[in-house]
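Accompanying notes for the structure given below.
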Amino acid sequence: HQLKNPQVYTPDYYSTYIPAVITRLLGLLWMSVVGLLLIMTLGRNYVRDFWAHQTTAFNLGVFRIALLLDFLLVFEPSLINNMLGLTSEGLNYPLGYGLLKGLLPPPAWFVHGVWGLYNVLLPLALIGLFTRFTMPALTAAAFLVMLFPQLVGKINHYHHMWLGLLFLSFAPSGDALSVDALIRRWRGKPNVDPHQYQLKYGRTFVYVWLTMGAVYFFPGFWKFAASGWAWAFSDNVQLKIIAKIFETGQQPLIPLHNYPLLCKLGGLGALIFEVGFPFALVFPKARALFALGGIGFHESNKVIMQISF
């Protein structure tokens, strides 16, 4: 951290900064505990209903197809090939992977083999053929396919997508909208009612919602821990937009940086949205509202801050 700007990040800076961060962390911890206690007491029934959420095999099948279609759009061979010509010293190692330095990069035949296996398993899981086998196997192959690009250049935060695969691997995700269901019907075996609400289908969505809650919560948590309310109420957001303009050489579609007050309100909205996301999940109406807010959050980042994620 100090190497970014040694003239600014001096020992005196850290002697002031670290106590402030600790104070904010304790404040956030206290607010989180109070929020959880309020939900557990005043919203006890909502918590129970959230954990016991039921849905249909059809809805789980839709989720399987939507997630795997997203995988088709995200990953391409160039992401894998970028690392093949590098030595172990030329790779970036995410936290915890330095111990594997002697094994990386893997030989080309292994990388291409994993990539080929991934491309065989992905369409099979997408159409729901031998889902009980193809989903767990795809999850294992996707772990490596998603890991390899992380070793070259910028780290991409798409771990939640892999966790979605993992949850589907332990769920009956091929009971509807699948070739497996057609095969069962053709063989005259008892088929699942695709529109019957059951806990075994809903539990997967609970795990996905909790994962998304963590994905949103911790960025907001650390924004506040590192900068406090200044993250929103200073010129922070405005300067981030301007820095992106210098980086890309392009003006955003919405020039919010010309309106400092709106930048501050947008920053406050981002903090509230991210930190409040996991708490809103417990309440069905709030969950739907925050889901729509998530779409707006990402689209506004794209057209205002020129950040797509």
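Every value quoted in this text rests on a predicted model; they were computed, and no experiment measured them. In this chain, residues are counted from 1 in sequence order.
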Stepwise side chain to side chain contact (heavy atoms under 4.5 Å, CB included) check, Q196 with T56: CA-CA 5 Å; Q196 181 181 0; T56 64; 5.9 Å; no
For [X] and [Y], work out which heavy atoms get closest and say how close.
X	Y	value
L67	G164	CD2-C, 3.6 Å
M305	V237	CE-O, 4.5 Å
F63	V208	CZ-CG2, 3.8 Å
V120	L124	O-CG, 3.3 Å
G174	R184	O-NH2, 3.5 Å

Which distance, rounded to the nearest 0.5 Å, do you find between the [atom1] of [X] and the [atom2] of [Y]?
X	Y	atom1	atom2	result
T211	M161	OG1	CE	13.5 Å
Q198	L60	CD	CG	11.0 Å
L256	K264	CG	NZ	11.0 Å
H160	L165	NE2	CG	11.0 Å
L138	L68	CG	CG	6.5 Å
L144	W115	CG	CH2	12.5 Å

[X] [atom1]: over 12 foreign heavy atoms closer than 6.0 Å:
X	atom1	result
K302	NZ	no
K244	NZ	yes
Y46	OH	no
W222	CH2	no

If Ile, Leu, Val, Met, Phe, Trp and Tyr residues are connected whenever their side-chain heavy atoms lie under 4.5 Å apart, and connections chain through other members, are I22 and L29 in the same group? no
If two hydrophobic side chains count as joined below 4.5 Å and joins carry through other members, does V179 share a cluster with I65? no
Could you give all pairs that pass the ring-ring contact (aromatic ring centres under 6.0 Å, His included) test and reach residues 226-269, with sequence neighbours left out? F224-W229
Is a side-chain donor or acceptor of [X] paired with a backbone partner of [Y] at a separation under 3.5 angstrom?
X	Y	answer
Q306	Q250	yes
N301	F297	yes
W209	L281	no
D180	F130	yes
S227	A230	no
R64	A125	yes
R203	H53	no

Of the options T134, T139, T204, which is the one that meets S169 in a side-chain hydrogen bond (donor to acceptor under 3.5 Å, both in side chains)? T139
My understanding is that only one of F279, F277, F290 makes a ring pair (Phe, Tyr, Trp, His ring centres under 6.0 Å) with Y216; could you say which? F277
Testing F167, Y118, F143 one by one against W162 for a ring pair (Phe, Tyr, Trp, His ring centres under 6.0 Å), which residue passes? F143
Can you say whether the rings of W51 and Y207 are parallel (under 30°), tilted (30 to 60°) or perpendicular (over 60°)? perpendicular
Side chains of N59 and Y201: does their closest heavy-atom pair fall under 4.5 Å? no
Step by step, work out the side chain to side chain contact (heavy atoms under 4.5 Å, CB included) result for F71 and M146. CA-CA 10 Å; F71 270 86; M146 299 174 81; 3.7 Å; yes
Are L289 and F283 close enough, and set up right, to give a side chain to side chain contact (heavy atoms under 4.5 Å, CB included), and what steps lead you there? CA-CA 10 Å; L289 182 63; F283 307 99; over 6 Å; no
Determine, step by step, whether K200 and D175 satisfy the side chain to side chain contact (heavy atoms under 4.5 Å, CB included) criterion, reporting the C-alpha distance in whole Å, the side-chain angles of both residues, the deciding distance to 0.1 Å, and the verdict. CA-CA 11 Å; K200 64 180 180 179; D175 282 0; 4.2 Å; yes
Is it the case that T131 and S178 place a side-chain donor and acceptor less than 3.5 Å from each other? no
